[in-house]
Amino acid sequence: MTEKLQSILEAEGLASLLEKFNEQGVTDSILGDLTDPDLKELGIDKLGERKRLLATFGKCDEPFALSANTNDATSSEAALPTVPAETDGPEFRTIVSEYQWSVMNGEATITGFTGKGYAAIPQQLDGFRVTGIARRAFDGCNLLRGIKIPEGVTKIESSEQSGSPSFWEFRQRGAFSNCTSITDVLLPRSLNFIGADAFRNCSSLTKITIPDGVETIGDGAFHNCCSLKHAVLSGSLKTIGRAAFAGCSSLKEVDLPEGLSELHREAFSNCAELATARLPKSLIEMSQDVFDGCQKLASITCAGWSPDLAHRTKELLLSADGKTVLCILPAYREKCIGGNGELILPTGIESIGTMAFYECAMLKSLQLPDTLTEIGSQAFYGCAQLTTVNILGAVLEIPQEAFSKCTSLSKVTLSAGLTRLGYEAFAGCTSLTDISLPPSLRELETGVFSECSSLTSIAFPEGLKELPAGTVWRCRSLVRAEIPKSVRRIWGGAFEGCSSLRAVDLPEGVTIGDEAFSDCVALKELQIPANCQLAEKAFCGCSSLVSLRVGTKCMLNELCFAHCIKLKSVSIAASAHIAINAFHNTPYNESLAKKVRSWFS
């Protein structure tokens, strides 16, 4: 009898050898007695194949569940025997008919599962080595108690990303998400990537060991695994994604491995029982809200914490060398430094990390040392009570949203050598009335002062070549703006909605983008110097504009002065090029129409 033998050979993709076994009189009853030389004599030359067969033959005294084999080259449900998998815990079993898979570039990826209990994924399917677990492959398998992933699998794919602006507005479905009965997960040494939401909402999972080799744990990978008590993390781990362990309410301590460099937003937020966290020397990026909602967190230690700075900045978490502020500790977030909202960083601090003081609601006063050279993105985003910022030292750049939405910020002093202001660096600072930009400034990013609704004047320094989109968008109190001769382009929407802007001096040869000055309803007089180009709707809706002079060789595109309903006095140089509807819905356009009609009459 050779039913077991036939099934095993088919599982290993060696069905063609069955005839040789039969010729030598090999039956199911003696499979466990076969040796490596025996298999070599039977024509199995590859060592790996012989080893796998010997391991399987050695278990032939255990029961098999046979089912019909329906071969499909690229996927599906080829029914193969149940083979107990090696494990020290529960008995994991392989029933190939319970799996669906796809094949690409000669490698198989698990795409679906219909089984239950403790499952061991086969190493090969239809002769193709299993190397990946697709998104949603096991999603919602509520009868699955445990899973053993075989050696050779390198990645557990990420869930689909919604693109929603709010992380919590949707529920992603990962490879093993919503497996609410799963208690045991065995990961292989070959694994190097755990994708977003991979084990999200596995509410019965109690422990996880991330093998060495894994460098990335994706966003929400273990989110809401509320029974998880022990997590052993890979020594090669580099990145823990956003909300990766958020809501793991049974987790009591976290020991992050040396080598970890990035700890993203809300990584361990709302871990209600978390009491201790140990961070490595290697950590260089850590968001302020990593431990948000961890009410019992009493101890955060960082290897190599500088004793000299620690006693003076006990409310802050510093890098190993004591030169970088990573974040303000959760216990001090609400009352801030000293309970009075005053932050004084001592001499020696060189860098403030990304989101270090993100939405620190009680921060009112900020004093930075002259040793400071770098401020991270969103470092002070949403500090709604912060009123004054004095940036000294050698800070060359204010990055993306560093002080965005600081709605009480009224006074800012920038470092003398500053060269760049990043995307929306001061956007939404609704109390900011004026700001002095240093002569060293050479680059602005989009929306840098957008919606600073109290800003009354601004002088851009000589040396700037562009004013980007939304530079002072909807700064409704802006009366005066000085634009230097060095500016060659003003991008779309740069001054859009500046409803108090009364006058603007444009440099010769400048290119003005779509709607750059649209709805500047207080603008009354305007002179366009020679060689300028105005894009569509550049000054559309400037409803108080009454006088316009256009210099030589200018180009006015469609609708660039449309709906300027008071525009009557217009002087245009003969060499200027004017689009036929540049003055749509203006008194000047109507007077032109009358002249044309009179010419033809």
Side-chain angles (χ1 to χ4, degrees), residues 285 287-288 325 343 345 351-360 363 366-368 372-461 463-478 481-484 487 490-498:
E285 184 175 330
S287 297
Q288 190 266 349
V325 177
L343 171 63
L345 293 183
S351 176
I352 297 174
T354 298
M355 300 179 70
F357 296 91
Y358 186 92
E359 292 185 348
C360 189
L363 181 60
L366 176 61
Q367 184 174 325
L368 304 177
L372 189 69
T373 60
E374 183 179 359
I375 297 175
S377 299
Q378 297 185 321
F380 296 93
Y381 180 99
C383 293
Q385 294 198 56
L386 182 63
T387 59
T388 304
V389 173
N390 187 16
I391 302 173
L392 305 174
V395 176
L396 301 180
E397 174 185 358
I398 306 296
Q400 173 179 334
E401 299 178 313
F403 294 92
S404 184
K405 309 296 184 184
C406 292
T407 53
S408 299
L409 187 62
S410 60
K411 183 178 180 181
V412 175
T413 303
L414 301 174
S415 57
L418 187 75
T419 60
R420 183 176 181 273
L421 290 176
Y423 171 80
E424 295 191 355
F426 292 94
C429 293
T430 54
S431 298
L432 188 65
T433 56
D434 65 272
I435 188 167
S436 178
L437 302 179
S440 56
L441 188 63
R442 290 295 178 269
E443 184 180 359
L444 302 177
E445 290 290 330
T446 299
V448 62
F449 295 107
S450 60
E451 294 191 288
C452 290
S453 55
S454 298
L455 189 66
T456 58
S457 65
I458 191 166
F460 298 103
L464 280 175
K465 294 182 179 180
E466 296 183 348
L467 298 182
T471 301
V472 286
W473 182 71
R474 291 189 179 179
C475 291
R476 302 189 186 280
S477 299
L478 188 67
E482 295 182 17
I483 302 174
V487 170
I490 300 173
W491 288 90
F495 290 83
E496 181 183 353
C498 292

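Computed from heavy atoms alone, side chains included, the values below leave out hydrogens, waters and symmetry copies.
Contacts of F380 classified as ring-ring contact (aromatic ring centres under 6.0 Å, His included), with partners at least two apart in sequence or in another chain: F357, F403. Partners of E424 by side-chain hydrogen bond (donor to acceptor under 3.5 Å, both in side chains), not counting sequence neighbours: none found. For the side-chain hydrogen bond (donor to acceptor under 3.5 Å, both in side chains) test, residues two or more places apart in sequence or in another chain that qualify with E466 are W491. Looking at residues two or more places apart in sequence or on another chain, you find no side-chain hydrogen bond (donor to acceptor under 3.5 Å, both in side chains) involving Q367. In this view, S453 and T430 satisfy the side-chain contact (heavy atoms from CB on, under 4.5 Å) rule, not counting sequence neighbours.
Annotation for A379 and I352: closest pair CB-CG2, 4.0 Å, computed over non-hydrogen atoms. Between A494 and P468 the shortest heavy-atom distance is CB-O, 3.6 Å. Minimum interatomic distance between S404 and A427 (heavy atoms only, all atoms of both residues): OG-O, 3.1 Å. P438 and S415 get closest at one heavy-atom pair: CG-O, 3.7 Å. Nearest heavy-atom pair across L368 and I391 is CD1-CG1, 4.1 Å. Minimum interatomic distance between G428 and C452 (heavy atoms only, all atoms of both residues): N-SG, 4.3 Å.
If you run side chain to side chain contact (heavy atoms under 4.5 Å, CB included) between C383 and each of L409, V389, L363, L366, only L363 comes through.
In this structure the side chain of L372 never reaches within 4.5 angstrom of the side chain of L345, judged on heavy atoms. You'll find the side chain of L437 reaches within 4.5 Å of the side chain of L421, heavy atoms only. Taking the side chain as every heavy atom from C-beta outward, L432 and V412 approach each other to under 4.5 Å.
Here side-chain hydrogen bond (donor to acceptor under 3.5 Å, both in side chains) pairs that include residues 431-447, with residues two or more places apart or in two chains, are R420-E445. Among residues at least two apart or in separate chains, there is no salt bridge (charged side-chain N to carboxylate O under 4.0 Å, His left out) pair with a member in residues 404-414. Residue pairs satisfying the ring pair (Phe, Tyr, Trp, His ring centres under 6.0 Å) criterion with at least one member in residues 440-461, sequence neighbours excluded, are listed as follows: F426-F449.
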Carefully, step by step, assess V448 and W473 under the rule side-chain contact (heavy atoms from CB on, under 4.5 Å). CA-CA 9 Å; V448 62; W473 182 71; over 6 Å; no
Check against side-chain contact (heavy atoms from CB on, under 4.5 Å), I398 and I375: CA-CA 7 Å; I398 306 296; I375 297 175; 4.2 Å; yes
Residues E359, Y381; criterion side-chain contact (heavy atoms from CB on, under 4.5 Å); working and verdict: CA-CA 6 Å; E359 292 185 348; Y381 180 99; 4.1 Å; yes
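Distance check: S410 OG to L455 CG gives 12.0 Å after rounding to the nearest 0.5 Å. To the nearest 0.5 Å, atoms CD (E401) and CD (Q378) are separated by 4.5 Å.
Within the 3.5 Å criterion, the main-chain N or O of T354 finds no donor-acceptor partner in the side chain of S377. Side chain of T419 to backbone of L396: a donor-acceptor contact under 3.5 angstrom is found.
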